[in-house]
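Here's the structure, in structure tokens; my notes come after.
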Number of protein chains: 2
Amino acid sequence: MRLDAATAASVASTLQALATPSRLRILAALREGPMSVGEIVTAVDLEQSAVSHQLRLLRTMGLVESERQGRHVVYSLFDDHLSALIEQAVHHAEHLRVGISDRARGDSPDR
Amino acid sequence: MRLDAATAASVASTLQALATPSRLRILAALREGPMSVGEIVTAVDLEQSAVSHQLRLLRTMGLVESERQGRHVVYSLFDDHLSALIEQAVHHAEHLRVGISDRARGDSPDR
DNA sequence: ACCATACATGTACATATGTTCATGTGTTGA
DNA sequence: TCAACACATGAACATATGTACATGTATGGT
């Protein structure tokens, strides 16, 4: 499979959206169903500001949608393809982690 | 699906390896089979130094393996799971690109 | 009208990341 | 042994990225 530069850039930018702990947790949580920002904040344990910034990014990239409900804004995954991609990515990535020297920062829970 | 911080960090770091155009192209090329560094350089059109650096990263993360053959060093994907992950990631990511405002990073618009 | 709630946005900043340039290391052939 | 080839590595650098802090905006209750 050879990817031309444009396709690679496009796909990479989408993958980039899944490639950070905070966004991955947000997206994984949203797989359970639509959630308000407040619920997401609780689910991922980040500052509200940080969550909003990441949601904005995900929204700009078309991975999530938002809808106002009263004072709340409810976010949801764009579609089932994304949900499937997340599930498989997590599944495969965890599988790949078997017996890895992993000196790359896959740790440090705090921050 | 709720991911704890440690799992999210771990999976995210793996996904990060796929989330850059250069590495994605390298990995996609390697899906066709083992290749020497020189062949990879030709395939992805990057400087040899840049390719070596990325290969080193991929190797440290356990995504690729290398074997010396004469003056050449031949790289290959770690296993079929990775190959499958790449294929699906590309496939899904391209599908997600349909009708997206995609104001993020360099790519061609379709709207 | 006022205020609390819920979320968004601007700014700043420390850190991470990818590439290039220069140089080092290992291997083959003459 | 020497030269070229193939690749790795170190350093420097510009840029991208994620977060916190401060503040702005919209909604609902009283």
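The figures here come from the full heavy-atom set of this structure, side chains too, leaving out hydrogens, waters and symmetry mates. Throughout, a chain's letter reflects where its sequence line sits, starting with A, and its residues are numbered from 1. As the structure is a computational prediction, the values presented were derived from the model and not from experiment.
Base contact: B:Gln48 has a heavy atom under 4.0 Å from a base atom.
In this pair, B:His81 and A:His92 present their aromatic rings perpendicular. The plane angle is above 60°, beyond the 30 to 60° band.
Going from atom CD of A:Glu47 over to atom P of C:dC13 covers 18 Å, rounded to whole Å. Distance B:Ile26 CD1 to C:dG18 P: 11 Å, rounded to the nearest Å. D:dC7 atom P lies 15 Å from atom CG of B:Leu46, rounded to whole Å. Rounded to whole angstrom, the span from the CZ atom of A:Arg56 across to the C1' atom of C:dT11 amounts to 13 Å. Computed from coordinates, the B:Leu55 CG to D:dA8 P distance equals 7 Å when rounded to whole Å. Atom CD in A:Glu39 sits roughly 12 Å away from atom C1' in C:dA6 (whole-Å rounding). Taking atom CD on B:Gln54 and atom P on D:dA8, their separation rounds to 12 Å, with Å as the unit. To the nearest angstrom, P of C:dC7 lies 16 Å from CG of A:Leu58.
Comparing D:dT17, D:dT19, D:dC7 against the side chain of A:Gln16 picks out D:dT17 as the nearest. Closest to the side chain of A:Ser52, from the set C:dT19, C:dA8, D:dG18, is C:dA8. Relative to the side chain of A:Thr20, the nucleotides D:dG18, D:dA8, C:dG18 differ in distance, and D:dG18 lies closest. Residue B:Val37 places its side chain closer to D:dC7 than to any other of D:dC7, D:dT9, C:dG18. Picking from C:dT20, D:dT19, C:dG10 the nucleotide with the shortest atom distance to the side chain of B:Ala50 gives C:dT20. For A:Ser49, the side-chain atoms get nearest to C:dT9 when compared with the rest of C:dT9, D:dC7, C:dA8. Side chain of A:Leu57, nearest nucleotide from C:dC7, D:dT19, D:dG18: D:dG18.
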In sequence, state the C-alpha distance, the side-chain angles, and the governing distance for A:Leu15 and B:Val90, and then conclude on side-chain contact (heavy atoms from CB on, under 4.5 Å).
-> CA-CA 9 Å; A:Leu15 288 177; B:Val90 171; 5.9 Å; no

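Contact check, B:Tyr75 against D:dA6: no side-chain N or O comes under 4.0 Å of OP1 or OP2. Between A:Ser22 and D:dT19 there is a side-chain N or O to OP1 or OP2 distance below 4.0 Å.
At least one donor-acceptor pair closer than 3.5 Å links the side chain of A:Arg68 to the backbone N or O of A:Gly70. In this structure, the side chain of A:Arg23 engages the main chain of A:Gln16 through a donor-acceptor pair within 3.5 Å. Although no hydrogens or angles enter the test, the distance criterion places a donor-acceptor pair under 3.5 Å between the side chain of A:Ser13 and the main chain of A:Ser10.
Using a 4.5 Å heavy-atom cutoff, the side chains of B:Leu96 and A:Asp79 are in contact. Side chains of B:Val51 and B:Gln48 form no contact here, defined as non-hydrogen atoms less than 4.5 Å apart. Side-chain contact between B:Ile86 and B:Leu77 is present, with at least one heavy-atom pair separated by less than 4.5 Å.
Of the two residues near DNA chain D, B:His72 and A:Arg23, the one whose nearest nucleotide lies more 5' is B:His72.
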Base versus backbone protein contacts along nucleotides 24-30 of chain D [heavy-atom cut-off under 4.0 Å; B, S, -] | ---BSS-

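Here A:His53 counts as stacked on C:dT9: its ring centre is under 5.5 angstrom from the base ring centre and the planes meet at under 30°.
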